[in-house]
Amino acid sequence: MDKFNLQGKIALVTGSSRGIGFVLARGLGRAGAAVVLNSRNEDALNNAVDMLKNEGINTYGSVFDITKKDQVQVGIKQIENEIGPINILVNNAGIQRRAPLEDFNEEDWEAVIETNLSGVFFTSQQVAKAMIARKEGKIINICSLQSELGRQNITPYAASKGGVRMLTRGMAVEWAKHNIQINGIGPGYFITEMTKPLAEDKEFNAWICARTPANRWGDPEELVGAAIFLASSASDYVSGQIIYVDGGILAAI
Ligand code: NDP
């Protein structure tokens, strides 16, 4: 099991004050990594940091907005100088906006693309500069079923997550020579703050369960195994791949 051990590594997980990011950070921490949590809301972030510290995980917090390039630069530099080299980056922060495409307003379009796609670019570029100098690194981009599929009312989200899939492949091609592996995880349906409105909608809930071969929503904990694999030396010859953790949906559709 040594290949999966993350002892001595530092992992930055964006958007980890709650939801999938928090659970992934906790999982990487339990596998031995020191973790740096991030979000825009300082109070929520401090609470999340305390929760992981109480578990005995070496945890830090870094408040920055991934859509603001200058904040990303300052935040990453501060982590590298004050905590240590970022060995693992998980680009997890993301948002959702729902409306029929013909009525989708420009402000929401920009928020979705800036957070889900430009934010991944800004953060990866800044972290990769240091990884390139060290000739080592792991980057995991959180994709979605919408990296592959369209769905009613969330076309800008699908455009952003399709973009993340191609950003993952492009980064894998450009940075392989620096010994950086870049992969994605594509979650199916997991109940978090983002998907609460869907889970509470009886009709949608029934549709999701019927559409998923596993016949249920996922538990964010079920994403942790893929994250540890992609963050560890067990995946040193794996790059440019997206692992879909989706209860079999993509195999069935
Ligand atoms: P949540 O809404 O529960 O959590 C999102 C996190 O991102 C929060 O910590 C939030 O904190 C942070 N965040 C949002 N915007 C920014 C920003 N600009 N800069 C820094 N942090 C930010 O979402 P989920 O846990 O459900 O989703 C996490 C990821 O997983 C997303 O990329 C999502 O697209 C993806 N995903 C989720 C699925 C699901 O079923 N839940 C399915 C497929 C993919 P704050 O607002 O305080 O900044």
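All values derive from a computational prediction rather than experimental measurement. Remember, it's 1-based here, ligands and their atoms both numbered in the order they're listed.
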Checklist line | Mode of Phe190 contact toward ligand 1 - side chain, backbone, both, neither (heavy atoms, under 4.0 Å) | finding: both
Note to self: Only heavy atoms of Ser16, strictly under 4.0 Å: list the atoms of ligand 1 that pass.
What the structure shows: 9 (O)
Next item on the list: Taking side chain to side chain donor-acceptor pair (under 3.5 Å) as the test, write out the residues that go with Ser160, two or more places apart.
Entry: Asn116
Item checked: Check ion pair Glu136-Lys9 (N to O, under 4.0 angstrom) -> yes
Note to self: If you define the side chain from C-beta out and look only at heavy atoms, does anything of Val238 sit under 4.5 Å from Asn183?
What the structure shows: yes
Next item on the list: Please confirm whether the backbone N or O of Ile57 pairs with a side-chain atom of Thr59, one donor and one acceptor, at under 3.5 Å?
Entry: yes
Notebook entry, point to check: Asn141 versus Met171: any side-chain heavy-atom pair under 4.5 Å?
Noted result: yes
Notebook entry, point to check: If we only count N/O pairs under 3.5 Å, is Tyr189 in contact with ligand 1?
Noted result: no
Next item on the list: Just need the protein heavy atom nearest to atom 30 (O) of ligand 1, so name the residue and atom and give the distance.
Entry: Ile142 CG2, 3.4 Å
Note to self: At under 4.0 Å between heavy atoms, is it the side chain or the backbone of Asn41 that contacts ligand 1, or both, or neither?
What the structure shows: both
Check: In terms of residue, atom name and distance, what is the protein heavy atom nearest to atom 2 (O) of ligand 1?
Finding: Arg18 NH2, 3.2 Å
Notebook entry, point to check: Do Phe122 and Ile66 come within less than 4.5 Å of each other through their side chains, counting heavy atoms only?
Noted result: no
Donor-acceptor list for residues 185-193 side chains, cut-off 3.5 Å, not counting sequence neighbours:
| unit_1 | atom_1 | unit_2 | atom_2 | d |
| --- | --- | --- | --- | --- |
| Tyr189 | OH | Arg151 | NH1 | 2.9 |
| Tyr189 | OH | Arg211 | NH1 | 3.2 |
| Thr192 | OG1 | Met194 | N | 3.2 |

Check: Backbone or side chain, does any N or O of Asn92 fall under 3.5 Å from an N or O of ligand 1?
Finding: yes
Next item on the list: Find out whether Met51 and Arg26 are in side-chain contact, i.e. whether some heavy atom of one side chain is under 4.5 Å from a heavy atom of the other.
Entry: no
Notebook entry, point to check: Relative to the heavy atoms of Phe64, which atoms of ligand 1 are at a distance of less than 4.0 Å?
Noted result: 19 (N), 20 (C)
Margin query: Measuring only between side-chain heavy atoms, which start at C-beta, is Lys138 closer than 4.5 Å to Leu89?
Written below: no
Margin query: Tell me the protein heavy atom at minimum distance from atom 27 (O) of ligand 1, and give that distance in Å.
Written below: Met194 CE, 3.9 Å
Note to self: With a 6.0 Å cut-off (strictly less than), is the heavy-atom count around CD of Glu174, excluding the residue itself, greater than 12?
What the structure shows: no
Margin query: Is the contact between Gln96 and ligand 1 made by the side chain, the backbone, both, or neither, using heavy atoms and a 4.0 Å cut-off?
Written below: neither
Check: Can a donor-acceptor pair be found between the side chains of Asp65 and Thr67 at a distance below 3.5 Å?
Finding: yes
Notebook entry, point to check: Who's the nearest protein heavy-atom neighbour of atom 7 (O) of ligand 1, and how far?
Noted result: Gly15 CA, 3.2 Å
Next item on the list: Ignoring angles and geometry beyond distance, decide whether Thr115 reaches within less than 3.5 Å of ligand 1 through its nitrogen or oxygen atoms.
Entry: no
Note to self: Under 4.0 Å, heavy-atom basis, I'd like to know which part of Cys143 is in contact with ligand 1: side chain, backbone, both or neither.
What the structure shows: backbone
Item checked: Residue part near ligand 1, for Tyr157, under 4.0 Å between non-hydrogen atoms -> side chain
Notebook entry, point to check: Between Thr192 and ligand 1, which part of the residue brings a heavy atom under 4.0 Å of the ligand: side chain, backbone, both or neither?
Noted result: side chain
Notebook entry, point to check: Which ligand 1 atoms does Ile20 reach within 4.0 Å, using its non-hydrogen atoms?
Noted result: 25 (O), 30 (O), 37 (C), 38 (C), 39 (C), 41 (N)
Notebook entry, point to check: Would one find an N or O of Pro187, backbone or side chain, under 3.5 Å from an N or O of ligand 1?
Noted result: no
Margin query: Checking a contact table here: which protein heavy atom is nearest atom 46 (O) of ligand 1, and how many Å away?
Written below: Arg40 NH2, 2.8 Å
Margin query: Below a 4.0 angstrom heavy-atom separation, can you tell me which part of Pro220, side chain or backbone, both or neither, approaches ligand 1?
Written below: neither
Note to self: Only heavy atoms of Thr195, strictly under 4.0 Å: list the atoms of ligand 1 that pass.
What the structure shows: 39 (C), 40 (O), 41 (N)
Notebook entry, point to check: Is Ala44 near ligand 1, meaning one of its heavy atoms is under 4.0 Å from it?
Noted result: no
Check: Of all the non-hydrogen atoms in the protein, which one sits nearest to atom 9 (O) of ligand 1, and at what distance?
Finding: Ser17 OG, 2.7 Å
Checklist line | Proximal atoms of ligand 1 relative to Asn38 (non-hydrogen, under 4.0 Å) | finding: 20 (C), 21 (N)
Notebook entry, point to check: Are any of the side-chain heavy atoms of Leu198 and Asn205 separated by less than 4.5 Å?
Noted result: no
Margin query: Looking at Glu80 and Lys129, is any side-chain nitrogen of the basic one under 4.0 Å from a carboxylate oxygen of the acidic one?
Written below: no
Notebook entry, point to check: Who's the nearest protein heavy-atom neighbour of atom 42 (C) of ligand 1, and how far?
Noted result: Gly188 O, 3.0 Å
Margin query: Distance check, rounded to the nearest 0.5 Å: Ser118 atom OG versus Lys68 atom NZ?
Written below: 11.0 Å
Next item on the list: Run the numbers for me: atoms of ligand 1, each under 4.0 Å from some heavy atom of Glu193, listed by number.
Entry: 3 (O)
Note to self: How far is atom 22 (C) of ligand 1 from the closest protein heavy atom, and which atom is that?
What the structure shows: Ala93 CB, 3.7 Å
Next item on the list: Give the atoms of ligand 1, by number and element, whose distance to some non-hydrogen atom of Asp65 is under 4.0 Å.
Entry: 17 (C), 18 (N), 19 (N)
Item checked: Any N or O of Ile66 closer than 3.5 Å to N or O of ligand 1 -> yes
Margin query: So which atom in Ile76 and which in Phe64 form the shortest heavy-atom distance, rounded to 0.1 Å?
Written below: CD1-CZ, 4.1 Å
Next item on the list: Show which atoms of ligand 1 fall inside a sub-4.0 Å distance from at least one heavy-atom site of Gly19.
Entry: 3 (O), 25 (O)
Notebook entry, point to check: Hey, does the side chain of Thr14 reach the backbone of Asn92 with a donor-acceptor pair shorter than 3.5 angstrom?
Noted result: yes
Check: Hey, is the main chain of Ile142 close enough, under 3.5 Å, to the side chain of Lys161 for a donor-acceptor pair?
Finding: yes
